[in-house]
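Here is the structure we will look at, set down as structure tokens.
Numbers restart at 1 for each chain; the letters A, B, ... are given by sequence-line order, proteins then strands. Atoms considered below: every heavy atom in the structure, side chains included; atoms not considered: hydrogens, waters and symmetry mates.
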Protein chains: 2
Amino acid sequence: MGENNAAEILRKAGMKKTAGRVALLKLLLESEKPLSQQEISRMLKGVELNYVSIYRSLEAFCRAGITHRIETGDRTWRFAVCSCGGRGHCHPHFICNSCGAAECLRGMEIPELPAVNREYVVEATEFYLKGLCARCSSEV
Amino acid sequence: MGENNAAEILRKAGMKKTAGRVALLKLLLESEKPLSQQEISRMLKGVELNYVSIYRSLEAFCRAGITHRIETGDRTWRFAVCSCGGRGHCHPHFICNSCGAAECLRGMEIPELPAVNREYVVEATEFYLKGLCARCSSEV
DNA sequence: ACTTAACTGCAAATAACTTGCATTTAAATA
DNA sequence: TATTTAAATGCAAGTTATTTGCAGTTAAGT
């Protein structure tokens, strides 16, 4: 399943097909939410991948445009596979102020701004919605 | 000038008018850019304010809606006074990928998203533009 | 002047990430 | 298939922004 997919993505990006990276990428491909290194370490099954290697792999994935990185406000990076292949985010992200979970709003586009005047070069945009996720808002 | 203004803001927020907080708030009021704790420590003149106290004051300011906090991607908070008084950001922010400087795009509004369906409660939105600032883009 | 809750400083703790370096290994090449 | 090599890994240690605990100080209300 995602295994071949992951291997293929690695190949196309010119990366070595190691057990660790295949498992990591597979996990990200199957996750609907962006994951932190800790979450990844907890969820990785069948492979032991040192947390330093996880960071380095994620960095490589981001450099290759395979994933993007988001910041949820708790000073931890989270990572999600990225369909657009670009450097920035391809959609807005929702962050729950209560449980801290992050979510890709895949159906939506990041709205354009009415042109940043002057000599600024805009390379990427990020749009975060913060509030209560479905679960937390119903738990009140 | 900003001194009275700062004192007045503190009073309205029910905070004590200490030399440290007045100087801190004055500095933020006069800064056109969001500032990090380190930048603040470097820029504060005439007063010694321990960096822990700076953090605690900034936290209090944010709680009171006096300032907002932004994340530039380098894992450091930056703070700027906030005209809208709300909890979220009142405008988009620009972050330079080269020099790391942050900037409030005060003239602009954060665009609305076409309604986040389902039972999500959106409390705040944050919009970041990342790229090269005027100085860095001309330095190439 | 007195009282008190807010504010402050210092030292130490957290925690997420990064770096250096020696070892392993996938995959290109002979 | 054997050889080579650059990429990937693990471990230990380092970095650094931010937080926490606690004891001492002070603004401001009475």
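- Checking the phosphate oxygens (OP1, OP2) of dA6(C), no side-chain nitrogen or oxygen of Thr18(B) falls inside 4.0 Å.
- Ring geometry for Phe94(A) versus Tyr120(B): interplanar angle over 60°, hence perpendicular rather than tilted (30 to 60°).
- Within 4.0 Å of Lys16(B), counting heavy atoms only, lies at least one base atom of the nucleic acid.
- For Met15(A) and dT25(C), the CE to C1' distance is 17 Å, given to the nearest whole Å.
- Between Arg11(B) and the phosphate of dA28(D), there is no side-chain N or O to OP1/OP2 separation shorter than 4.0 Å.
- Using cut-offs of 30° and 60° on the angle between ring planes, the pair Tyr128(B) and Tyr128(A) is perpendicular.
- Between His89(B) and His68(B), the ring planes lie tilted relative to each other; the angle falls in the 30° to 60° range.
- Salt bridge present: Lys33(B) and Glu103(B) bring a charged side-chain N and a carboxylate O closer than 4.0 Å.
- A straight line from CD1 of Ile54(B) to P of dC7(C) spans 15 Å, rounded to a whole angstrom.
- Ion pair Glu8(A)/Arg11(A) flagged as a salt bridge, since at least one NZ, NE, NH1 or NH2 atom sits closer than 4.0 Å to an Asp/Glu carboxylate oxygen.
- Residue Arg21(B) contributes atom CZ, which lies 14 Å from atom C1' of dA28(D) at whole-angstrom precision.
- Rounded to an integer number of Å, the gap from CD1 of Ile70(A) to P of dA16(C) is 16 Å.
- Atom CZ in Phe61(B) sits about 16 Å away from atom P in dA6(C), given to the nearest Å.
- One finds a salt bridge joining Lys130(A) and Glu71(B) here, because a Lys/Arg side-chain nitrogen approaches an Asp/Glu carboxylate oxygen to under 4.0 Å.
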Contact string for nucleotides 10-20 of chain D, one letter per nucleotide 5' to 3', B = base within protein heavy-atom range under 4.0 Å, S = sugar-phosphate only, - = neither, reads BBBB---BBBB
